[in-house]
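Written below as structure tokens is the structure these notes are about.
If you read the sequence from its start, that first residue is 1, and numbering goes on from there. Just follow the structure's listing: the first ligand is 1, and inside any ligand the first atom is 1.
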Amino acid sequence: MKLFRCRICGDPYLGSAPPSFCPFCGAPERYMVPAEDYVDLNDVPNLSARSRENLEKALDLEVRNAAFYFCASNCAQDPLSKAMFKALARTESEHASLICKILKVPKPEIKPDEKACLKDPKANFGAAHGREQNAVAFYSQAAAEATEDRVKEVFSALTEVETYHIALSEAQK
Ligand SMILES: [Fe+2]
Ligand SMILES: [Fe+2]
């Protein structure tokens, strides 16, 4: 067994090989590195006003989406939808943690959002699709606007992960 770390969320993973996607933040395999090569890049000096604004907006988006998915998981009757929404909720919650590290703010508490989710899994997959599309559009713009390498890297990786989520919700709705 070897120890790997994700260059996006920083979380450690034990396995014989790097996973095809980070089990925590969903970043693809190319971001997984042997733990001894990992460098923490989240201390970004002099964040530009635009990057700070975009990171704050991203944090709000991730917290809202995680809260939506936790509720969708609680509401789902069938085990497959329940598990899928739980996995998505955890991924979005991990994204919120990562953004908090760069912003140097405490992570807000995330509770299932009873008002946002629609109870029926099919309707929730439809709503999830819209949420992920919004996230992708915003993150790709934020990546283009970022002048800091790390902020650009994080927004690019998030764009990629949320694009995979669109495909997942597309298949279920
Ligand atoms: Fe990760
Ligand atoms: Fe996310």
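Looking at Glu92 and the Fe ion (ligand 2) together, the shortest N, O or S contact belongs to OE1.
Remark: the backbone N or O of Asn74 is paired with a side-chain donor or acceptor of Lys82 at under 3.5 angstrom.
Cysteines Cys117 and Cys71 are disulfide-linked, with SG atoms closer than 2.5 angstrom.
In this structure, His95 and His165 have parallel ring planes: the angle between them is below the 30° cut-off, well short of the 60° mark. Relative ring orientation between Phe125 and Phe85 is described as parallel, the plane-to-plane angle staying below 30° on a 0-90° scale split at 30° and 60°.
Rounded to 10 degrees, the OE2-metal-OE2 angle spanning Glu62 and Glu162 at the Fe ion (ligand 2) equals 90°. Taking the Fe ion (ligand 1) as the corner point, the angle from Cys9 atom SG to Cys25 atom SG is about 110° (rounded to 10 degrees).
The Fe ion (ligand 2) has an N, O or S atom of His95 under 2.8 Å away, backbone or side chain.
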